[in-house]
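Scroll down for the structure; my scribbles are underneath it.
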Amino acid sequence: MSDQSNDRAPFFAVENGSYGTYDARMPQRKVRIKLEHRIEYPDPLRVAAGERVNVGHEDAEFPGWKWCKASDGREGWVPVELLSNEGAETTVLQDYSARELAVRPGEEVIVEESRHEWLLVRNALGERGWIPAANTEPL
């Protein structure tokens with residue numbers, strides 16, 4: 001499974017903070033990194049749509065993310081809207097990777113998705129991962 005692959009189009013944030021469907025024909029939003037982000041979890045959770053995960057606590061700093069554990073033992077934060085219900089065990093609704101991306105100040109990245117104060121971005125090398133939105137500034 002490749003990171004973030006799925007049959008459905010990914011989501012992107014629109015100006016009012018809601019979500020829309022990503023359209024490759026639309027101009028992509030670039031942001032500049034203002035604060036370094038280091039990878040906290042080197043072997044993050046990766047799951048395919050339909051896989052079951054054990055659900056733990058919600059993130060106190062970033063509500064909307066739940067700590068989940070996959071059957072292969074990998075763990076990571078998952079946006080609540082990608083979980084089928086609020087139970088202790090649930091199904092993931094689309095392919096998902098909790099992979100973070102290490103970035104440095106001054107770097108420019110393309111935003112592919114925005115969820116609960118985090119951005120899924122792609123750098124100039126084509127690497128993708130999550131970073132805190134607060135670490136960026138608009139171009």
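Between G76 and A98 the shortest heavy-atom distance is CA-CB, 4.1 Å. Shown here for N85 and E89, the closest heavy-atom pair between the two residues is OD1-O, 3.8 Å.
Cluster membership check: L120 does not share its hydrophobic cluster with V80, using side-chain heavy-atom separations under 4.5 Å among Ile, Leu, Val, Met, Phe, Trp and Tyr. Both W67 and V55 sit in one connected hydrophobic cluster of ILVMFWY residues. Membership requires side-chain heavy atoms under 4.5 Å apart, directly or through other members. No chain of hydrophobic side-chain contacts below 4.5 Å, direct or via other Ile, Leu, Val, Met, Phe, Trp or Tyr residues, connects I131 to I110.
Two residues are said to be in side-chain contact when any heavy atoms from C-beta on lie closer than 4.5 Å; L45 and E75 fail this criterion.
Pairs engaging residues 57-66 under the salt bridge (Lys or Arg N to Asp or Glu O under 4.0 Å) rule: K66-E86 [sequence neighbours left out].
Residues passing the side-chain hydrogen bond (donor to acceptor under 3.5 Å, both in side chains) test with E137: none are found, sequence neighbours excluded.
Rounding to the nearest 0.5 angstrom, the gap separating the CZ atom in R52 from the OG1 atom in T91 is 4.0 Å. Here the CG atom belonging to L125 is positioned 5.0 Å from the CD atom belonging to E127, to the nearest 0.5 angstrom. Put simply, OG on S84 and CG on L93 are 5.5 Å apart, with the number rounded to the nearest 0.5 Å. Note: D43 CG to D72 CG = 8.0 Å, rounded to the nearest 0.5 Å.
The ring of F62 has its center no closer than 6.0 angstrom to the ring center of W130.
A side-chain donor-acceptor contact under 3.5 Å links D95 to the backbone of A49.
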Using residues 32-39 as the side-chain source, report each donor-acceptor pair under 3.5 Å to any protein atom, sequence neighbours left out, with the distance given to one decimal.
unit_1, atom_1, unit_2, atom_2, d
R32, NH2, E108, OE2, 3.3
E36, OE2, R38, NE, 3.4
E36, OE2, R104, NH1, 3.1
H37, NE2, E100, OE1, 2.8

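Ring-plane geometry between Y96 and W65 is classed as tilted, the angle between the planes lying from 30 to 60 degrees on a 0 to 90 degree scale.
Under the side chain to side chain contact (heavy atoms under 4.5 Å, CB included) rule, C68 has a single partner from T90, V53, V47, which is V53.
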